[in-house]
Colleague: 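I am attaching a structure below and will ask some questions about it afterwards.
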Protein chains: 2
Amino acid sequence: MPDKILKAFKTAETEKISHLDYFNIAVSVDCVILGYENKQLKVLLIKSDLEEFSGLNSLLGDLVRPDEDLDEASYRILRERTGLNDVYLEQVQTFGRIGRHPSGRVVTTAYFSLLDLHHHQLRLNHNDLHWHPISKIGKLAFDHKDILDSCLLRLRQQVLERPLIFSLLPEKFSLRQLQEVYEAILGTDLDRRNFRKKVSLKDWLVDLNEMESDVPHRPGKLYKLNPALKKRLRGRLKVI
Amino acid sequence: MPDKILKAFKTAETEKISHLDYFNIAVSVDCVILGYENKQLKVLLIKSDLEEFSGLNSLLGDLVRPDEDLDEASYRILRERTGLNDVYLEQVQTFGRIGRHPSGRVVTTAYFSLLDLHHHQLRLNHNDLHWHPISKIGKLAFDHKDILDSCLLRLRQQVLERPLIFSLLPEKFSLRQLQEVYEAILGTDLDRRNFRKKVSLKDWLVDLNEMESDVPHRPGKLYKLNPALKKRLRGRLKVI
DNA sequence: TACAAATATGTACTAAAAACACATTAAACC
DNA sequence: GGTTTAATGTGTTTTTAGTACATATTTGTA
């Protein structure tokens, strides 16, 4: 098998190097799992259990298993950590600096996901897991701050074009709630009238003909995501 | 070291599995190197030397070395294959299906690059390397057709927003040449007057006050890329 | 010198985005 | 129960960007 592999990658430089020099990297997946609460965007972090990063938080990640697709690993991590199966995950970028992991050569692929922090199925499986406001993130373990930033950048670039945001919200929501989520993600104030016009021009929402309740002011109409779009946001993993 | 590594990735599932099960993946880089000639976008391909893919072409790729950053590997491949050092490369996506490489578990990260196919430094280092019009690409080895398509999609999405395209052209070019490149990439015809207006509103071009020569019609003005933008397009690799 | 084939430069029209205003509703308070 | 408060809901106007389209100009060539 080494011969076969070398043949597949034969270049002037690699020919003399043995197969063992190459098949010794670990690949991991790190998930930027975002939620929304109290008008803040939050990310799910875990206390690092590596000495090198004691006291620091890290993203949720794990090594990719030998018999596991890269994308599948991201769904597994999300499921293991949150209990959620049915959530959209998107690959963003791969980080492969030599020294990025203190224990060995680990190349990691970053995914982001948005979910409703109050989802009834959400079960954080570990005491050290916690939601952290992204506006108050300091140092993170590994290169996880870079990973977080790249995912946030991607999210901000795409959030107005694609119906990504709705999995952050409960099934039924008002336009005000929706606007507040956008404002939290983009970090800007939006004009309410222009925002409503923009949203209504897309086919994203369905009017439920219901009203908010328990709000200390005039209640607004409730909407849900157009079911036709929901499929696109669903996880693509075959549920085990 | 195995203990240390396992600690870093401890989850319910991984605890019982040994370090050797994980640090045995190879990571490769595949480069979608695009050039432009005869009003066509072309990609640099090489004949696959794997039996499984005999007769098929593949992208230019290589395994990432143990002591090499992921990004650096992409610049090395470009340099080894084309002789060019000073070229922009951008990471696009990582492909990690289990069975994607017949010889073992290889996760690959795709990069794309645009370069002037008639650049004086360009020296293709192998007889089997050739430029292939993207409009006539059939089957490719591995999952390289998917990789090519994802890079082309990214390119088309970004080419109007960012000054990526200029490395496809010689130093001096006319607006007609520039427009033809855009048309080749986007696969559409553009209105000449609107195109010129759009370009002139950006700060991308510098008028050289020179004219085309050797054209069988009225010569056009020559432009070059605004030098202030050139840095952003340069390769980020420390030249060895 | 007339013609062919480009360049160069608009202008009018249309659609999208941003700025801005007012009437309406329901809860909370006196 | 009337008044206040704080939202919702629905515009209009203005500005900007995008699209469609026309004419004069320059050079090489027959």
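From a predicted model like this one, the values you see are computed outputs, not experimental measurements. Order of the sequence lines fixes the chain letters, A, B, ..., with proteins taken first and strands second; residue numbering starts at 1 for each chain.
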Colleague: Got a salt bridge between Arg76(A) and Glu80(A), using NZ or NE/NH1/NH2 to carboxylate O under 4.0 Å?
Modeller: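 Salt bridge present between Arg76(A) and Glu80(A).
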
Colleague: Which residue pairs pass the ring-ring contact (aromatic ring centres under 6.0 Å, His included) test when at least one of the two sits in residues 199-224 of chain A, sequence neighbours left out?
Modeller: Phe166(A)-Trp204(A)

Colleague: Under the side chain to side chain contact (heavy atoms under 4.5 Å, CB included) test, which residues partner His130(B), sequence neighbours left out?
Modeller: Leu45(B), Asn57(B), His132(B)

Colleague: So what does Lys221(B) hit on the nucleic acid, given a heavy-atom distance under 4.0 Å: a base, only sugar-phosphate, or nothing?
Modeller: sugar-phosphate

Colleague: For DNA chain D, which nucleotides open and close the run of contacts to chain B, 5' to 3', at under 4.0 angstrom from a non-hydrogen atom?
Modeller: dT19(D) to dT27(D)

Colleague: Once salt bridge (Lys or Arg N to Asp or Glu O under 4.0 Å) is applied, what residue pairs with a partner in residues 135-148 of chain B remain, sequence neighbours excluded?
Modeller: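 Every salt bridge (Lys or Arg N to Asp or Glu O under 4.0 Å) pair that includes a residue of residues 135-148 of chain B, provided the two are not neighbours, is Arg100(B)-Asp143(B), Lys145(B)-Asp149(B).
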
Colleague: What integer distance in Å separates Lys198(A):NZ from dA15(C):C1'?
Modeller: 14 Å

Colleague: To the nearest Å, give me how far apart CG (Asp214(B)) and C1' (dA5(C)) are.
Modeller: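 In whole Å, dA5(C) C1' lies 17 Å from Asp214(B) CG.
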
Colleague: Residues two or more places apart in sequence or in another chain: which of them pass side chain to side chain contact (heavy atoms under 4.5 Å, CB included) with Lys197(A)?
Modeller: Asn194(A)

Colleague: What string of B, S and - do you get for nucleotides 23-30 of chain C, 5' to 3', when a contact is any protein heavy atom under 4.0 Å?
Modeller: -BBS----

Colleague: Pull out every residue in residues 172-195 of chain B that has a heavy atom closer than 4.0 Å to any atom of DNA chain C, ordered by number, or say none.
Modeller: Arg176(B), Arg192(B), Arg193(B)

Colleague: Any salt bridge (Lys or Arg N to Asp or Glu O under 4.0 Å) involving residues 153-167 of chain A? Give me the pairs, sequence neighbours left out, ordered by first then second residue.
Modeller: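 Checked against salt bridge (Lys or Arg N to Asp or Glu O under 4.0 Å) - neighbours excluded - the pairs reaching residues 153-167 of chain A are Glu90(A)-Arg154(A), Glu90(A)-Arg162(A).
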
Colleague: Enumerate the residue pairs fulfilling side-chain hydrogen bond (donor to acceptor under 3.5 Å, both in side chains) with a member in residues 183-192 of chain A, sequence neighbours excluded, ordered by first and then second residue.
Modeller: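 Listed by first then second residue: Gln179(A)-Glu183(A), Asp191(A)-Arg193(A).
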
Colleague: If I take atom CD in residue Glu212(B) and atom C1' in nucleotide dA5(C), what distance separates them, rounded to the nearest angstrom?
Modeller: 13 Å

Colleague: For residues 212-225 of chain A, pull every pair meeting salt bridge (Lys or Arg N to Asp or Glu O under 4.0 Å), keeping only residues two or more places apart or in separate chains.
Modeller: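 Residue pairs with at least one partner in residues 212-225 of chain A: Arg176(A)-Glu212(A), Asp207(A)-Lys221(A).
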
Colleague: Sequence neighbours excluded, which residues qualify as side chain to side chain contact (heavy atoms under 4.5 Å, CB included) partners of Val159(B)?
Modeller: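 Leu155(B), Ile165(B), Tyr182(B), Ile185(B), Leu186(B).
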
Colleague: Can you list the residues that meet the side chain to side chain contact (heavy atoms under 4.5 Å, CB included) rule with Lys198(B), with sequence neighbours excluded?
Modeller: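 Per chain and number, Lys198(B) pairs via side chain to side chain contact (heavy atoms under 4.5 Å, CB included) with no residue.
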
